[in-house]
Amino acid sequence: MPVIVWFRHDLRLADNPALAAAVATGDEILPLYILDDATSLGGASNWWLHGSLDALAGELARRAAPLVLRRGPAADVLPALAAETKASAVFWNRCYEPLSIARDKALKQALVASGIEVKSFNGGMLAEPWELQTGSGGPYKVFTPFWRSLAARAPFAAPLPAPKKLRAAAHFPSDDLSRWNLRPAKPDWAGGLRAAWRPGEKHAAARLSFFLDELVAGYATMRDFPAMEGTSRLSPHLHFGEISPRQVWAAADAASHATPDAASGVMSFLREVGWREFTHHLIYHWPEMVDHAWKPEFEEFPWAHDDALLAAWRRGRTGYPIVDAGMRELWSTGYMHNRVRMIAASFLVKDLLIHWRRGAEWFEDTLVDADLANNRAGWQWVAGSGADAAPYFRIFNPVTQGEKFDADGQYIRRYVPELARLDNRHIHRPWEAPPATLAAAGIELGATYPKPIVDHARARERALAALASIKKG
Ligand code: FAD
């Protein structure tokens, strides 16, 4: 009787506690992935999922334990497969999003009721959301004390090795991955994604090694400059669980011991990994923050509704070059640099007064690293409505942010080629360039590149007035 190992956000063999526990039973293993429309992803994430499942299936096939793919509501598919295979047990690594928790609870009850053992494990977090509490009890609402208490728990359990051999179950029918149509075909818009990314456990490990060897020492200073390769770019690998935070922590810690010059970069990097833990802590304790402001007064915020402005933002045609570069990086590569995520998000929420949920939804549609906890917390952080968020009155100025973090316009030139020939003085504010300068750079404002869709100074005043209205109310 096989043990089903249900893969979800843990598409790897190494440091996979559910898989390791299944191997330790000595029973046959049946690896399973379910494509469930209830938890369906955006196009860019689906593209990644295909690559990640393909890689996982390859590694499992090398161990003669083929991955079984099934499609449908997990609540139906899993019990049916358990009956079909006469499974004795189902093991999985825990997820922390509200829908997943509800699904898993119900499934556990149903499976246990039919005599099947269910075991769940921590494969995705350094500490699970209920393990960290403030001194007075209850979940953390502020990052710094959360981070201190998380970091104090180090060292974390050593990552588990990938099983060398698996005792496979008998053959059971599987869907054909390519027939799930996770990759776009007509049109095939994924060229930029293919050029930028390599999904899969092996590539996640290689990327981590490269980052620790080449980049981490400069991380603290370089991480804010979008034109530079200064960050790990591990976010999609972490989201799909191709690498675990324990593996990341252990390797980073070893790098900092081996190269003391890298220690401060490693600390700064691990603090960001700590933000991932914090957002999962928040979404577990306040599941309503997926759709609602964490700070209730923001539910009354006078949001504007303007489909034309929303469309201009999505397409990277706001007339603010750093915002447009970010939105186009997102569209073409499925990724946006963190500094620019903050600038572009602030522009939507504060300059255009469009609800943060609209922005979060667009990111979830287009990011390869779309992650409910990180994304919703990130948007609420920018909007000022989240836990430990930036104060609302701190409004990013897209011009000065561009001048500070992309001083020579390299990032803008990469993603907004129609501005490529504009000089550094004007590249962040093309509307101030003299007509002759624009003409020499081949730019016709309002035709080849948009005029600003709002005036930032006026938009800022409007945003502050909107904030004052909810503070009074
Ligand atoms: P690094 O700087 O190398 O950081 C290492 C890891 O730490 C990341 O891979 C990520 O897992 C985690 N991390 C870093 N910054 C944050 C953060 N602010 N919050 C939570 N975790 C973090 N990140 C996502 O993974 N998915 C999202 O959908 C997402 N949406 C965001 C939306 C907004 C509006 C903002 C402001 C941020 C969002 N982030 C999101 C956080 C952050 O921008 C990305 O994690 C980061 O840019 C990924 O690049 P990296 O892997 O090179 O990061």
Below 6.0 angstrom between ring centroids: does that apply to [X] and [Y]?
| X | Y | result |
| --- | --- | --- |
| Trp130 | Tyr284 | yes |
| Trp147 | Phe278 | no |
| Trp362 | Trp331 | yes |
| His9 | Trp92 | no |

For this session: Take Phe405 and Tyr411 through the test side chain to side chain contact (heavy atoms under 4.5 Å, CB included) and record every step on the way to the result.
Result: CA-CA 9 Å; Phe405 296 109; Tyr411 177 73; over 6 Å; no

Would you say that [X] contacts [Y] through its side chain, given a criterion of any heavy-atom pair below 4.5 Å between the two side chains?
| X | Y | answer |
| --- | --- | --- |
| Ile283 | Val290 | yes |
| Met228 | Gln410 | yes |
| Asn16 | Leu160 | no |
| Val368 | Leu193 | yes |
| Leu310 | Leu348 | yes |
| Arg94 | Asn122 | yes |
| Phe240 | Leu56 | no |
| His280 | Glu128 | no |

For this session: For Ser235, enumerate each residue passing the side-chain contact (heavy atoms from CB on, under 4.5 Å) test, keeping only those at least two apart in sequence or located in another chain.
Result: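 side-chain contact (heavy atoms from CB on, under 4.5 Å) check on Ser235 returns Tyr335, Asp369.
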
Give a yes or no answer on whether the side chain of [X] reaches the backbone of [Y] with a donor-acceptor pair at less than 3.5 Å.
| X | Y | value |
| --- | --- | --- |
| Glu201 | Leu13 | yes |
| Glu242 | Leu11 | no |
| Lys350 | Val382 | yes |
| Ser114 | Leu111 | yes |
| Arg246 | Pro159 | no |
| Asn93 | Ala18 | yes |
| Arg414 | Ala227 | yes |
| Thr333 | Glu329 | yes |
| Asp175 | Arg70 | no |
| His337 | Arg223 | yes |

For this session: Give a yes/no verdict on a cation-pi contact between Arg207 and Trp197, requiring under 6.0 Å between NZ or CZ and the six-membered ring centre and an angle within 45° of the axis.
Result: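 The answer is no; the distance or angle limit is not met.
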
Exercise. Under 30°, 30 to 60°, or over 60°: which ring-plane class applies to Trp303 and Phe301, parallel, tilted or perpendicular?
Worked result: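 Tilted, since the angle between the ring planes falls between 30° and 60°.
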
Exercise. Mind checking whether Tyr140 and His281 have parallel, tilted or perpendicular rings, split at 30° and 60°?
Worked result: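 Tyr140 and His281: tilted rings.
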
Measure across [X] and [Y] and return the closest heavy-atom pair with its distance rounded to 0.1 Å.
| X | Y | result |
| --- | --- | --- |
| Pro321 | Val416 | O-CG2, 4.1 Å |
| Pro17 | Asp15 | CD-O, 3.4 Å |
| Asp54 | Leu177 | N-CD2, 3.7 Å |
| Phe146 | Gly274 | CE2-O, 3.7 Å |
| His203 | His237 | C-CE1, 4.2 Å |
| Glu84 | Pro173 | OE2-CD, 3.9 Å |

For this session: Write out all pairs satisfying salt bridge (charged side-chain N to carboxylate O under 4.0 Å, His left out) with one or both partners inside residues 97-116, taking only residues at least two apart or from two chains.
Result: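 Salt bridge (charged side-chain N to carboxylate O under 4.0 Å, His left out) check on residues 97-116 returns Arg8-Asp104.
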
Exercise. After noting the C-alpha distance and the side-chain angles of Met342 and Trp381, does the key distance pass the side chain to side chain contact (heavy atoms under 4.5 Å, CB included) rule?
Worked result: CA-CA 9 Å; Met342 293 192 286; Trp381 186 89; 3.6 Å; yes

Evaluate whether atom [atom1] of [X] has more than 12 neighbouring non-hydrogen atoms of other residues, nucleotides or ligands under 6.0 angstrom away.
| X | atom1 | answer |
| --- | --- | --- |
| Asp37 | CG | yes |
| Arg183 | CZ | no |
| Lys119 | NZ | no |
| Gln109 | CD | no |

Show me the donor-acceptor pairs within less than 3.5 Å that the side chains of residues 247-265 make with the rest of the protein, sequence neighbours left out.
| unit_1 | atom_1 | unit_2 | atom_2 | d |
| --- | --- | --- | --- | --- |
| Gln247 | OE1 | Ser244 | N | 2.8 |
| Gln247 | OE1 | Ser244 | OG | 3.4 |
| His257 | ND1 | Asp253 | O | 2.9 |

Exercise. Where do Met327 and Trp313 land on the side chain to side chain contact (heavy atoms under 4.5 Å, CB included) test, with the steps shown first?
Worked result: CA-CA 7 Å; Met327 298 309 293; Trp313 176 81; 3.6 Å; yes

For this session: Show your reasoning for whether salt bridge (Lys or Arg N to Asp or Glu O under 4.0 Å) applies to Arg376 and Asp291.
Result: CA-CA 8 Å; Arg376 300 279 160 154; Asp291 288 314; 3.7 Å; yes

Would you give the length of the straight line joining atom [atom1] of [X] to atom [atom2] of [Y], rounded to the nearest 0.5 angstrom?
| X | Y | atom1 | atom2 | answer |
| --- | --- | --- | --- | --- |
| Asp371 | Glu364 | CG | CD | 9.0 Å |
| His285 | Gln133 | NE2 | CD | 7.5 Å |
| Asp406 | Asp224 | CG | CG | 12.0 Å |
| His239 | Ser45 | NE2 | OG | 5.5 Å |
| Tyr33 | Trp180 | OH | CH2 | 7.0 Å |
| Leu234 | Phe269 | CG | CZ | 5.5 Å |

For this session: Please report the C-alpha distance between Tyr415 and Val340 in whole Å, then the side-chain angles of each, then the deciding distance to 0.1 Å, and finally whether the side chain to side chain contact (heavy atoms under 4.5 Å, CB included) criterion is met.
Result: CA-CA 12 Å; Tyr415 291 107; Val340 193; over 6 Å; no

Exercise. Can a salt bridge be assigned to the pair Glu272 and Arg276 using a cut-off of 4.0 Å between side-chain N and carboxylate O?
Worked result: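 Salt bridge flag = no for Arg276 with Glu272.
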
Problem set entry | salt bridge (Lys or Arg N to Asp or Glu O under 4.0 Å) between Arg153 and Glu277, intermediate numbers included | CA-CA 13 Å; Arg153 293 167 73 99; Glu277 299 275 322; over 6 Å; no

Exercise. Is there a salt bridge (Lys or Arg N to Asp or Glu O under 4.0 Å) between Asp365 and Arg314 once you walk through the steps?
Worked result: CA-CA 11 Å; Asp365 231 17; Arg314 284 176 169 185; over 6 Å; no

